[in-house]
Amino acid sequence: MLLTDSEQSQYRSRGFVVKDCVFSERECASFREGAQRAEARLLGRILESAAIEYRLDGNRFVDLDDVTVQFEHTSVNNRLRVVEPVNEVEPLFDRLLDDPRLCEPMRQIVSCEHLALWTAKLNFKHPRVGSGFGWHQDAPYWMHDSEHVEKLPNVMVLFDDANADNGCFRVIDGSHRAGCLPGCEDGRQLQGFYTHPDCVDESAQVLIEAPAGSAIFFDPYIVHGSGANLSDLPRRAIIITYQPAGFTALKSGRVREIR
Ligand SMILES: O=C(O)CCC(=O)C(=O)O
């Protein structure tokens, strides 16, 4: 479960490390069912409640208590894009936070014996409609809510095989070493959260094609994103972000210690 010395050194020098098939096919099937349950439950709650709805850069968002739901950009049929924090919606994903296959490597990365949750996002990437994620760093999203952004590492767990066609995760190798980079200035509402194109060296891009059940550990400063899902197959994944113990989670304001 632990990262080897060479995996730890790759994480430090390149800003990411991939462990293939950490979860079995059976576990991936249960994650996929969990994603389906979460989507159905949220769509039901949105229909029957007076949820707060808003648009950012034309895209639809709904807040249900502490949970933010993003709808797909081109969706005509209410497909979800992202749910955060998904552990508040589906108990299977709350249990996953404590899985030693994720938190043991995270203890090594954060150099902390005890951890807490920062946030957990479920990204659906539905077939044909799943939109891409522009190049960005996570740190700028979080720097106003956390004083230890450098200690907020992520792990993405793939529920489906991921490849270039269905919009696999991609990173700019080693870009975390530059720290916080300037944002775009193109007039979008969320412009500042996207990394300025002059600071994105696409020649250092790594497409992370990996089988279902793989875990991608990545640094909060690494420039990353993904393409649209152009295929007939989904590309579902959860991204969990940990932090040292004792600190409150991003959205709930409660401490969710890792057990
Ligand atoms: O799911 C993806 O393809 C990328 C997600 C991402 O970059 C993010 O949630 O910060």
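Start at 1 and go down the list; that is how both ligands and their atoms are numbered. Small disclaimer: the values here were computed from a predicted structure and weren't measured.
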*Quick one: which ligand 1 atoms are inside 4.0 Å of a heavy atom on Met156?*
1 (O), 2 (C)
_Distance under 4.0 Å to a non-hydrogen atom of Ser226: what atoms of ligand 1 satisfy this?_
2 (C), 3 (O), 4 (C)
*Inter-residue atom distance Asp63.CG - Glu53.CD, 0.5 Å rounding*: 10.5 Å
_Polar side chain donor-acceptor pair, Ser131 to Glu72, under 3.5 angstrom_ = yes
*Taking Asn163 for the side chain and Asn166 for the main chain, is one N or O donor matched with an acceptor at less than 3.5 Å?*
yes
*Tell me which part of Ile239 gets within contact of ligand 1: side chain, backbone, both or neither, using heavy atoms under 4.0 Å.*
side chain
*In the protein, what heavy atom is nearest to atom 8 (C) of ligand 1, and what distance, to one decimal place, separates them?*
Lys121 NZ, 3.5 Å
*Sort out for me which residue in Arg45, Arg254, Lys251 forms a salt bridge (charged side-chain N to carboxylate O under 4.0 Å, His left out) with Asp65.*
Arg45
*Between Gln191 (side chain) and Gly187 (backbone), is there a donor-acceptor pair under 3.5 Å?*
yes
*Among protein heavy atoms, which sits nearest to atom 5 (C) of ligand 1, and what does the distance come to when rounded to 0.1 Å?*
Asn123 ND2, 3.2 Å
_So if I count the atoms of ligand 1 from 1 in the order they appear, which ones are less than 4.0 Å from some heavy atom of Asp138?_
10 (O)
*Go through ligand 1 atom by atom and flag the ones less than 4.0 Å from a non-hydrogen atom of Lys125.*
3 (O)
*For atom 10 (O) of ligand 1, what is the nearest protein heavy atom, given as residue, atom name and distance?*
His136 NE2, 2.9 Å
_Hydrogens and angles aside, do Arg60 and Asn78 bring a side-chain donor and acceptor to less than 3.5 Å of each other?_
yes
